[in-house]
Amino acid sequence: MPELPEVETVRRGLSPAMEGRAIERVELRRADLRFPFADRFAERLKGVRIERLGRRAKFLMAQLSSGEVLTMHLGMTGRFSIEGKGFEAFAHSVSNNVIHDHVVFHMEGGVTVTFNDPRRFGFMELYGVGEAEKSKRFAELGPEPLSNSFSSAYLSEILKNKSSPIKSALLDQRIVAGLGNIYVCEALFRSGISPVRKSSTIAGKRAEKLVPVIKDVIREAIDAGGSSISDFAQTDGKLGYFQHSFLVYGQEGKACKICDTPIMRISQSGRSTFYCTNCQK
DNA sequence: AAGAAGCCCTGATAGC
DNA sequence: TGCTATCAGGGCTTCT
């Protein structure tokens with residue numbers, strides 16, 4: 001489900017249920033998700049207040065009153081739902097199997113936040129005071145696509161000696177953090193750049209075109225509440241609607257909206273790439 | 001050492 | 001209907 005716009009949508013949905021509230025109790029229904037939970041995970045969260053729920057790349061980051069930081073990643077199929085007083089409209093409207101409800105946060109005020117993840121590619125981590133910033137995971141992440149540090153100058157510099165296809169480079173979270181398969185395909189189409197083009201040839205003019213397009217696509221997707229493919233839902237069960245704006249993603253064989261050439265699907269480093277061989281050079 | 005491929009896991013769908 | 005194969009929005013690890 002989740003690339004940056006979906007995670008940001010989830011963050012905004014969870015904020016009223018979590019931000020400023022104490023965690024009364026955490027229920028862990030298994031010992032791991034993708035990775036084992038940290039030592040004493042539930043105990044360390046008990047009675048602690050969530051001061052701020054932020055986001056970095058595709059990670060939700062809860063700043064805790066204990067000084068520790070709880071990070072949550074949705075993987076491919078992770079989702080949150082909210083129940084309780086004031087969140088009646090948020091009832092578990094999705095027909096998800098409860099056997100995949102893995103973590104339940106019992107929040108102050110009788111509100112519960114449940115994490116469900118069938119594939120268990122998602123994970124949660126708990127960093128001690130001052131550890132998150134120092135961790136390899138966060139130190140290695142590239143800039144946020146909407147930040148000023150993600151500029152055409154930056155992208156040109158980092159790509160100028162790279163031989164991998166631009167598609168793969170944009171999926172590399174160390175280069176830019178938060179893009180995934182959908183938004184990379186869409187941004188390359190809108191930029192008229194072929195996904196198979198060598199990264200080094202993007203440096204310069206093409207980067208000047210590409211960077212603003214990436215920012216546009218991400219902004220539009222956030223404004224649309226993300227994209228709902230198969231099962232992504234917001235915390236209130238509503239669907240995002242950016243999927244209606246896809247020009248190439250999932251459009252294999254359909255006519256290109258610009259030139260009518262059938263959209264191609266190819267595989268690059270093990271994932272599908274959709275593009276127009278005529279519009280993208 | 002960079003880049004590609006394999007793998008983790010479950011569920012939905014297409015094809016026979 | 002039921003079986004099998006393929007595919008899925010991510011990211012870590014292992015190969016070449």
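Keep in mind it's a predicted model, so treat the numbers as computed, not measured. Lettering follows sequence order; numbering is per chain, from 1.
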Student: Using a 4.0 Å heavy-atom cut-off, does A:Arg120 contact any base of the nucleic acid, only the sugar-phosphate backbone, or nothing at all?
Tutor: sugar-phosphate
Student: When you compare C:dC7 with B:dA5, how far apart are their P atoms, in angstrom units rounded to a whole number?
Tutor: 14 Å
Student: Please check the phosphate of C:dG11 (OP1 and OP2 only) for any side-chain N or O of A:His73 closer than 4.0 Å.
Tutor: yes
Student: Please determine, for the side chain of A:Pro118, which listed nucleotide (B:dA4, B:dG11, C:dC12) has the closest atom?
Tutor: B:dG11
Student: Side chain of A:Ser163, heavy atoms from C-beta onward: which of C:dA8, B:dA2, C:dG10 has the nearest atom to it?
Tutor: B:dA2
Student: When the P atoms of B:dA1 and C:dG11 are compared, how many Å lie between them, rounded to an integer?
Tutor: 24 Å
Student: Return the nearest nucleotide to the side chain of A:Met76; candidates are B:dG3, C:dA8, B:dA4.
Tutor: C:dA8
Student: If we ignore hydrogens and angles and just use 3.5 Å, is the side chain of A:Arg55 paired with the main-chain N or O of A:Ala57 as donor and acceptor?
Tutor: yes
Student: Of the nucleotides B:dA4, C:dA8, C:dG10, which one has an atom closest to the side chain of A:Phe274?
Tutor: C:dA8
Student: Output the rounded distance in Å from NZ (A:Lys162) to P (B:dA2).
Tutor: 7 Å
Student: Indicate whether OP1 or OP2 belonging to C:dG11 is found under 4.0 Å from a side-chain N or O atom of A:Lys58.
Tutor: yes
Student: Taking 4.0 angstrom as the limit, do A:Glu108 and A:Arg49 come out as a salt bridge?
Tutor: yes
Student: My understanding is that a pair needs two contacts under 3.5 Å, Watson-Crick or G-U wobble. By that rule, which nucleotide pairs with B:dC9?
Tutor: none
Student: Whole Å only: how far is the CG atom of A:Asp117 from the P atom of C:dA8?
Tutor: 18 Å
Student: Ignoring hydrogens and geometry beyond distance, is the side chain of A:Arg119 in donor-acceptor contact with the base of C:dA8 at under 3.5 Å?
Tutor: yes
Student: Please work out whether the ring planes of A:Phe41 and A:Phe37 are parallel, tilted or perpendicular, with thresholds of 30° and 60°.
Tutor: tilted
Student: May I ask you to say what A:Gln173 touches in the nucleic acid, namely base, sugar-phosphate or nothing, with a heavy-atom cut-off under 4.0 Å?
Tutor: sugar-phosphate
Student: In this structure, how many angstroms lie between the P atom of B:dA2 and the CD atom of A:Gln268, rounded?
Tutor: 20 Å
Student: Counting any heavy atom closer than 4.0 Å, what does A:Tyr183 reach on the DNA or RNA strands: base, sugar-phosphate only, or nothing?
Tutor: nothing
Student: Tell me the interatomic distance from A:Ile166, atom CD1, to B:dA4, atom P, rounded to whole angstroms.
Tutor: 12 Å
Student: Tell me the interatomic distance from A:Gln251, atom CD, to C:dC7, atom C1', rounded to whole angstroms.
Tutor: 16 Å
Student: Ring centres under 6.0 Å, that's the criterion: do A:Tyr275 and A:Tyr249 meet it?
Tutor: no
Student: Could you state the atom-to-atom distance from CE of A:Met72 to P of C:dG10 in whole Å?
Tutor: 19 Å
Student: Within the stacking criterion (centroid distance below 5.5 Å, interplanar angle below 30°), does A:Phe121 stack on C:dG10?
Tutor: yes
Student: Is A:Arg265 close enough to C:dC7 that one of its side-chain N or O atoms is under 4.0 Å from OP1 or OP2 there?
Tutor: yes
Student: Given A:Arg219, which of A:Ile222, A:Asp216, A:Val217 fulfils the side chain to side chain contact (heavy atoms under 4.5 Å, CB included) condition?
Tutor: A:Asp216
Student: Can you tell me the distance, in whole Å, between the CD1 atom of A:Ile266 and the C1' atom of B:dA4?
Tutor: 14 Å
Student: State which residues pass side-chain hydrogen bond (donor to acceptor under 3.5 Å, both in side chains) with A:Thr201; sequence neighbours excluded, sorted by chain then number.
Tutor: A:Arg197
Student: Please state how far atom CG in A:Leu74 lies from atom C1' in B:dC9, giving the value in whole angstrom units.
Tutor: 16 Å
Student: Quick one: is C:dG10 close enough that its OP1 or OP2 comes under 4.0 Å of any side-chain N or O from A:Arg271?
Tutor: yes
Student: Ring centroid separation for A:Phe138 and A:Phe59, is it under 6.0 angstrom?
Tutor: yes
Student: May I ask you to verify if any side-chain N or O of A:His100 is less than 4.0 angstrom from the OP1 or OP2 atom of B:dC9?
Tutor: no
Student: Categorize A:Arg174 for me: base, sugar-phosphate, or nothing, with a 4.0 angstrom heavy-atom threshold over every strand shown.
Tutor: nothing
Student: Pick the nucleotide of DNA chain C nearest each of A:Arg137 and A:Ser272; which residue has the one closer to the 5' end?
Tutor: A:Ser272
